[in-house]
Colleague: 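The structure's right below; bear with me while I get my questions together.
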Amino acid sequence: MSVGYKSIQWTKTKLIYDVILIAAIALYVYLFITVSAKLGAEMNIPPVGNAVRIRAYGSAAFVLLHVILSIGPLCRLNDKFLPLLFNRRHMGVTMFVLASIHAAKTLNLYHAAGNLDPIVSLFVGNTEYFNLAAFPFETCGIVALLIFFMMAATSHDFWLTNLTAPIWKALHMGVYAAYALLVGHVTLGALQSHRDPLLTVAVGIGMVWVVGLHLAAALQEAKLDRQSLAVGDADATGFVETGVTVGDIVENRAKIVTISGERVAIFKYDGKIAAVSNVCQHQNGPLGEGKIVDGCITCPWHGYQYLPENGASPPPFTEKIPTFDVRLEGDRIFVKAIPHPAGTTVEPAQIPQSSVG
Amino acid sequence: MNPDSPRDDFYRHYAPMPKSYRRFLLVLIPILFLGILAIAAFLPNIHSQLNTGKIQGRQTFEGLLVAEPVPHIIVPRPGNTENGDGFSRYVLSAGNKAGVSQKVLDLAGQWVSMKGLVVSRNQYSMVVGPTAEAIATPEGVTIVNPTDSTDNTSPSEPEPTEAIASPEDVESDSTDATSPSDDSEPAEAIETPKSITIDPTAGISLGEFELEGEILDGKCYPGVMKPGRGKVHRACAIRCISGGIPAVFIVQNDRGESLYFLLEDTEGKAVNDRVLPLVGDRIKISGEVMQYDDMLVVKADPDTYARM
């Protein structure tokens, strides 16, 4: 949570995360270059520096992108992966740096020291844009790199707040376009020149993994959405029967219901029931999968907190989410379909002693 | 569910990590590292980044500098060569993506001492970034058709006393004793040929052939680039060839061996700027194959080169 903007708000966990990330990448690049040199030595061929480094950094970025794309759906499938999520933007920026090193080295080796400016050479070297087999794979890589640049440049919470979460998230969904472009970059480039079929198999496994995980997460999400549909229509007072009972909710946790297409998180705590929008103002994380900690609804993604009574972050923080009126009929929970504006204080429903689960 | 049970653990990055998450990560992170190790060890094996192209070190040559169809130097082979090919021809280029310097080219038709970096792949060799100076044509060497206006017809002054250098006898920084071409012998075998005639234009026609292969630049393919061919290398090869580095046509024979052909048009001129759209693609060239000593050249109109 933030009051002012700092370049990075370091925590011990974030430091450990970054150390592990950098160590893993350093190990990968070192091993790739060392194994290449060893294979060369066995054939009495001296190691070839920059060409091998181009492949080491390029493949490191591509592998890391698979890890980054896996974190989201893995977290939907199992919340134990959440410790990988909160600092994913550092992973993304690191991947952009790796891709940039790959691009800079490529530009220097393949396009510099010639009779054209290297950037111009990059675009005019191959202009077979209407021939799939001969398509200039470099262009796919450049566009993907530009998307990564946009994402890295706007990765800070300053941009998240000022662009607003929906626009920021839409912009960062560009990662999927970038992934598709990179599959094209690799398929139309490296796979055409390096003839070992295992390289194609490796890229295929990566694609199946990424697409499969997203499908699995989407199927689970659709199932939960179906289960969370409110059972009734709004009555004369505007309340909707949610289908959730007090006993269904674990203390300090929530159940998510979908009312008029909007997900609402219904929390139970201290003998009370309160309902708020399921969408965290920070990155639209699922608040209903969070927990009440220190009296605050706490988002599972980055730990942003809101008071259940008014949907406002405790001072000095300023984030706010919409709140909903709640009514109990016996054990059954009713929620008013139309929310209050973000930060509006609403009296939580008191659970009769006989209904405390 | 009991709120205090491990299943109700809740992770916040700014708070101590619950035990169940810690246990999970203690398994997950080593698995991720093992995966990274496996991929890093596996990928270099399936990239085509190893071939016999080598940088052989700086070496000195003495021979006749020729400008066409591509700049090259004709070096008399050491020892008794009366019954075989008497000369090796080494193609020339600059150190960057450009043809050999004009300063060197100005010496075309003359006997020169040349020093440059030798890169080679199988039987093909190139001298990169050479410096050269004109020296007296050795005694007994007769040059006909020197390909420029300078008349170097011997006998020249009887000045030179040094033996003609073989490629490997000076300043090779390569630990590999292999010479740039298969024919070279150790330095002690060198003898100045008694009487030789060099005609750079005297080639033997091997007949008309239809050849399938790939046009690449003559420097990166045998040198620093690996694989140095195919689509990933195309942009580089286009820069090199458009910059003046001789284009080389690589053809694989039935035994999977690579044959290297230089390209000339029907007028005997270099084809560089006319083949750029075809570089790095599989193409077919039909033309007369000429052998100039150990150099093979396909003579054909570049307009007839066809993409396959």
Side-chain angles (χ1 to χ4, degrees), chain A residues 11 13-14 20 24 27-29 31-32 35-36 39-40 43-46 48 50-52 55 59 63 67 79-83 86-87 109-116 121-122 125-126 134 137-138 188-190 192-196 198-199 202 250-253 290-291 293 298 300 302-303, chain B residues 1-3 8 10-15 17 20-21 24-25 28-29 32-33 35-37 39-55 95-98 174-176 178 220 224-236 238-240 242-244 277 280-281:
Chain A
T11 62
T13 320
K14 209 176 269 189
I20 292 173
L27 181 68
Y28 177 89
V29 172
L31 204 62
F32 191 104
V35 170
S36 297
L39 291 169
M43 288 175 64
N44 198 22
I45 296 167
V48 184
N50 275 330
V52 169
R55 291 182 198 112
S59 59
V63 171
V67 175
D79 64 6
K80 291 291 184 289
F81 285 99
L82 282 169
F86 81 94
N87 200 30
L109 190 65
Y110 289 96
H111 298 276
N115 53 4
L116 274 184
S121 167
L122 190 58
N126 181 357
F137 70 100
E138 295 94 337
L188 298 172
Q192 282 192 16
S193 294
H194 302 281
R195 300 290 170 76
D196 195 317
L198 284 177
L199 205 55
V250 176
E251 178 70 6
N252 289 329
R253 291 284 194 173
K291 185 178 182 181
V293 180
T298 306
H302 300 88
Chain B
M1 180 165 52
N2 176 359
D8 197 43
F10 186 65
Y11 174 77
R12 288 168 297 154
H13 68 89
Y14 47 77
M17 188 179 287
S20 61
Y21 282 85
F24 183 77
L25 288 183
L28 177 67
I29 291 170
L32 279 174
F33 266 80
I36 287 163
L37 289 174
I39 295 169
F42 174 65
L43 279 187
N45 288 279
I46 56 173
H47 274 84
S48 312
Q49 56 181 355
L50 300 169
N51 58 55
T52 54
K54 257 184 199 168
I55 298 173
N96 53 5
K97 294 182 175 72
S174 167
T175 52
D176 185 349
T178 311
C220 295
V224 296
M225 302 293 201
K226 296 180 188 299
R229 52 163 296 281
K231 200 172 168 189
V232 290
H233 185 65
R234 185 174 183 203
C236 177
I238 288 174
R239 282 280 69 70
C240 286
S242 69
D281 280 342

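Below, chain A is the first sequence line, B the second, and so on; all start at residue 1. These numbers come from a predicted model, not from an experiment.
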Colleague: Flag this pair as yes if the NZ/CZ of B:Lys231 is under 6.0 angstrom from the six-membered ring centre of A:Phe137 and inside a 45 degree cone about the axis; otherwise no.
Modeller: no
Colleague: Which atom names give the shortest non-hydrogen contact between B:Ala235 and A:His111, and what distance separates them?
Modeller: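 Scanning both residues completely, I find the closest heavy atoms to be CB-CE1, 3.2 Å.
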Colleague: Restricting to non-hydrogen atoms, name the atom on B:Leu25 and the atom on A:Pro83 that form the minimum distance, rounded to 0.1 Å.
Modeller: CD1-CB, 3.7 Å
Colleague: Tell me, for B:Leu37 versus chain A, whether the close heavy atoms (under 4.5 Å) come from the side chain, the backbone, both or neither.
Modeller: both
Colleague: Distance-only, no hydrogens or angles: does the A:Asn115 side chain make a donor-acceptor pair with backbone N or O of B:Ser242 under 3.5 Å?
Modeller: yes
Colleague: Verify, without hydrogens or angle tests, whether B:Lys97 (side chain) and A:Ala112 (backbone) share a donor-acceptor contact under 3.5 angstrom.
Modeller: yes
Colleague: Mind listing the closest non-hydrogen atom pair of B:Leu43 and A:Phe32 along with its distance?
Modeller: CB-CE1, 3.7 Å
Colleague: Which residue out of A:Thr11, A:Val67, A:Leu82, A:Leu39 racks up the most heavy-atom pairs below 4.5 Å with chain B?
Modeller: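 Max contact count across the listed options: A:Leu39.
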Colleague: I need the residue from B:Gly244, B:Ala98, B:Cys236 with the largest number of non-hydrogen atom pairs under 4.5 Å to chain A.
Modeller: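 Of the options given, most contacts go to B:Cys236.
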Colleague: Quick one: NZ on A:Lys80 to CZ on B:Phe24, what's the gap to the nearest 0.5 Å?
Modeller: 8.0 Å
Colleague: Heavy-atom cut-off 4.5 Å, strictly under: side chain, backbone, both or neither for A:Leu188 against chain B?
Modeller: both
Colleague: Measure the shortest side-chain to side-chain distance between A:Leu198 and B:Phe42 over non-hydrogen atoms and say whether it is less than 4.5 angstrom.
Modeller: yes
Colleague: Using heavy-atom distances under 4.5 Å, tell me whether A:Val29 contacts chain B through its side chain, its backbone, both, or neither.
Modeller: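 The answer is neither part of A:Val29.
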Colleague: Got a second to check how far A:Ile20's CD1 is from B:Leu32's CG, nearest 0.5 Å?
Modeller: 9.5 Å
Colleague: Measuring heavy-atom distances to chain A, does B:Asn45 have an atom under 4.5 Å in its side chain, in its backbone, in both, or in neither?
Modeller: both
Colleague: Output all residues satisfying side-chain hydrogen bond (donor to acceptor under 3.5 Å, both in side chains) with A:Thr13, sequence neighbours left out; order by chain, then residue number.
Modeller: none
Colleague: Taking the side chain as C-beta and beyond, is there a heavy-atom pair between A:Pro300 and B:Tyr11 under 4.5 Å?
Modeller: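 Of all side-chain heavy-atom pairs linking B:Tyr11 with A:Pro300, none is under 4.5 Å.
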Colleague: Looking only at heavy atoms and a cut-off of under 4.5 Å, which of A:Val63, A:Leu27, A:Leu116, A:Asn87 has the most pairs with chain B?
Modeller: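 Top count of heavy-atom pairs under 4.5 Å with chain B: A:Leu116.
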Colleague: Heavy atoms only: give me the nearest B:Gly230-A:Ser193 pair and the separation to one decimal.
Modeller: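 Looks like C-OG, 3.7 Å.
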Colleague: Given 3.5 Å as the limit, does a donor-acceptor pair link the side chain of A:Arg253 with the main chain of B:Asp8, or not?
Modeller: yes
Colleague: Can you see which heavy atom on A:Tyr110 is nearest to which on B:His233, and at what distance?
Modeller: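 Distance-wise, the nearest heavy atoms are CE2-ND1, 3.7 Å.
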Colleague: Walk me through whether B:Tyr21 and A:Asp79 qualify under side chain to side chain contact (heavy atoms under 4.5 Å, CB included).
Modeller: CA-CA 9 Å; B:Tyr21 282 85; A:Asp79 64 6; 3.6 Å; yes
Colleague: With a 4.5 angstrom heavy-atom cut-off, could you sort out which part of A:Ser59 is near chain B: side chain, backbone, both or neither?
Modeller: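 Answer is side chain: those atoms of A:Ser59 sit under 4.5 Å from chain B.
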Colleague: I need the minimum non-hydrogen distance between B:Ile36 and A:Tyr28, along with the two atoms involved.
Modeller: CG2-CB, 3.7 Å
Colleague: Please look at B:Arg239 and chain A and tell me whether the side chain, the backbone, both or neither of the residue comes under 4.5 angstrom of a heavy atom of that chain.
Modeller: both
Colleague: Side chain to side chain contact (heavy atoms under 4.5 Å, CB included) for B:Phe10 and A:Asn252? Distances and angles first, verdict last.
Modeller: CA-CA 11 Å; B:Phe10 186 65; A:Asn252 289 329; over 6 Å; no
Colleague: Once you measure the plane-to-plane angle for B:His13 and A:Phe86, does it fall in the parallel (<30°), tilted (30-60°) or perpendicular (>60°) bin?
Modeller: parallel
Colleague: Report which part of B:Ile39 has an atom under 4.5 Å of a heavy atom belonging to chain A: side chain, backbone, both, or neither.
Modeller: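 Looking at B:Ile39, backbone and side chain both touch chain A.
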